[in-house]
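I have placed the structure first, in the form of structure tokens, so that the comments after it can refer back to it.
So you know, we letter chains A, B, ... as the sequences are listed, proteins then strands, and number each from 1.
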Number of protein chains: 2
Amino acid sequence: MSPARKNPRVGRPPKESQDKSEKGENILNAAEELFALKGYDGVTLRAVATQANVDVALINYYFGSKNQLFDTVFARRAQILNQDRLIALKSAQEISAPQPADVEQIITAFLQPLKMAQESDDSGWKNYCALLAYVNNSAVWGPQLMGKHYNDLVDIFIEALREALPGTDDANLYWCYHYMSGAMSLTFANTGRIDKMSKGTCRSDDFKAAYDRMIPFIAAGFRQVCV
Amino acid sequence: MSPARKNPRVGRPPKESQDKSEKGENILNAAEELFALKGYDGVTLRAVATQANVDVALINYYFGSKNQLFDTVFARRAQILNQDRLIALKSAQEISAPQPADVEQIITAFLQPLKMAQESDDSGWKNYCALLAYVNNSAVWGPQLMGKHYNDLVDIFIEALREALPGTDDANLYWCYHYMSGAMSLTFANTGRIDKMSKGTCRSDDFKAAYDRMIPFIAAGFRQVCV
DNA sequence: GTCTATACCGTGATAGAC
DNA sequence: GTCTATCACGGTATAGAC
């Protein structure tokens, strides 16, 4: 059930599209890719239809309005991702019990499933990561969709961090989470800017390089601020 | 010459619009606000015209295509911002000479002008910060516009960081810069998500809270990774 | 030189015919 | 389930008023 484990469920919505045709899947995949690349307003339903090799009207038939399509695309992989993160967190907590899991372990549990998603053979996961970056940074979509699909998970991770860094103010924890979220988002966004900036020293698709450094970077930040 | 210093130059392009009418300014301000809020594709020239209280065709007359308008808006405040950052960096370097400036000082020089911009009475600066977040995270605009207007500055700051953290690989420096850039961007984006996430404990417009923690967070990350 | 009114023509989302 | 029609809106060009 994770991109890492190459489970066949990956790439499919858990239930609702189970009984929908292949064309419905094609529409979602095409929409995912295009929305990730150009944002909501930069994509036309006609472009989605063309890419999915279906008639424009079929999108309406299956998913309703453009807005609903966007929501469906965003929701599709959210649950899978969150489940993997929870499993990773639980596993880390069991290993370090009776001590609480430490900051590195918690952050790793949070990031690892995303790293796997970005490295996945299924390009849909790569697209979804970029979409996540878009939504997270959008003043229009961010509060609405991130809140709806990810806030429960955030609560659980914040609680874990609270135990790892006892005695600190909640404000510190939330702000540090916010910085982590921003650093992650820019990495997903995969804009290629670091390639130019570093004149080739770094490549934005070198996820190993990105994540290997991100985890200690963020963990050190948490420890510094959350005292 | 900085938003902090409330210099009258703020809000005006250095030269090219000096001789342009008030209406040209209105167009740029309206475009800045709308692009920041809804992105390039989410804004119509008609909406810009309405907000600026001018005729649609005037936009074309002054700025050419929509694409050129976007570029002009983005470029307008870039130079002012960079100049302030350079002054802050130079000043930090002079204070700590003959030692090189340390990581906190360098990051402060990088962030402080933006903090001032976001706190500025001139709402245009707030909008510009959000626009910067949008561009930085966009796969379409990021490499193009950020590269064009900010890469020179990045080189200078990377060099300062190289001196503060001698012996580390350039890849470490660039990746850490990337994480800083991401954390900053999400802060500018000002999506209001942290308000919901923290159930009111943090407010996304509490810039003091955001920046006071961001500087030690990032500095600790740099020190951890760049060894 | 500045600015407005308007027209062009392609494309948008969506609904209704088939 | 599919195709086509509808109707509003998009960016841009132009003609000419002030």
Nucleotide range of DNA chain D lying under 4.0 Å from chain B heavy atoms
D/dG10 to D/dT14
Let me see the working for B/Asp195 and B/Ser204 under side chain to side chain donor-acceptor pair (under 3.5 Å), right down to the final yes or no.
CA-CA 6 Å; B/Asp195 307 74; B/Ser204 50; 2.8 Å; yes
Once you round it to whole Å, what is the distance between C1' of C/dT4 and OH of B/Tyr62?
13 Å
Taking distance alone, no hydrogens or angles, what donor-acceptor pairs closer than 3.5 Å link side-chain atoms of residues 46-59 of chain B to residues at least two apart or in another chain?
| unit_1 | atom_1 | unit_2 | atom_2 | d |
| --- | --- | --- | --- | --- |
| B/Thr50 | OG1 | B/Arg46 | O | 2.9 |
| B/Gln51 | NE2 | B/Glu33 | OE1 | 3.0 |
| B/Asp55 | OD1 | B/Ala57 | N | 3.0 |

Would the distance check show the side chain of A/Arg213 and the main-chain N or O of A/Ala209 forming a donor-acceptor pair, the cut-off being under 3.5 Å?
yes
For DNA chain C, find the residues of residues 34-56 of chain B with a heavy-atom distance under 4.0 Å and give them by number; none if there aren't any.
B/Arg46, B/Asp55
For B/Lys90, which residues count as a salt bridge (charged side-chain N to carboxylate O under 4.0 Å, His left out) partner, sequence neighbours excluded?
none
Test ring-ring contact (aromatic ring centres under 6.0 Å, His included) on A/Phe157 and A/Tyr177; report intermediate values, then the result.
CA-CA 9 Å; A/Phe157 271 83; A/Tyr177 179 91; 8.2 Å; no
Do any pairs count as a side chain to side chain donor-acceptor pair (under 3.5 Å) and have a residue in residues 127-136 of chain A, sequence neighbours left out, and if so which ones?
A/Tyr128-A/Tyr150, A/Asn136-A/Ser181, A/Asn136-A/Ser185
Round to the nearest Å and state the distance from A/Ile59 atom CD1 to C/dG12 atom P.
11 Å
Tell me which donor-acceptor pairs under 3.5 Å the side chains of residues 106-119 of chain A have, and how far apart each pair is, sequence neighbours excluded?
| unit_1 | atom_1 | unit_2 | atom_2 | d |
| --- | --- | --- | --- | --- |
| A/Thr108 | OG1 | A/Glu104 | O | 2.7 |
| A/Gln118 | OE1 | A/Tyr211 | OH | 3.4 |

Tell me, please, whether B/Tyr40 has B/Lys66 positioned over its six-membered ring: NZ or CZ under 6.0 Å from the ring centre and within 45 degrees of its axis?
yes
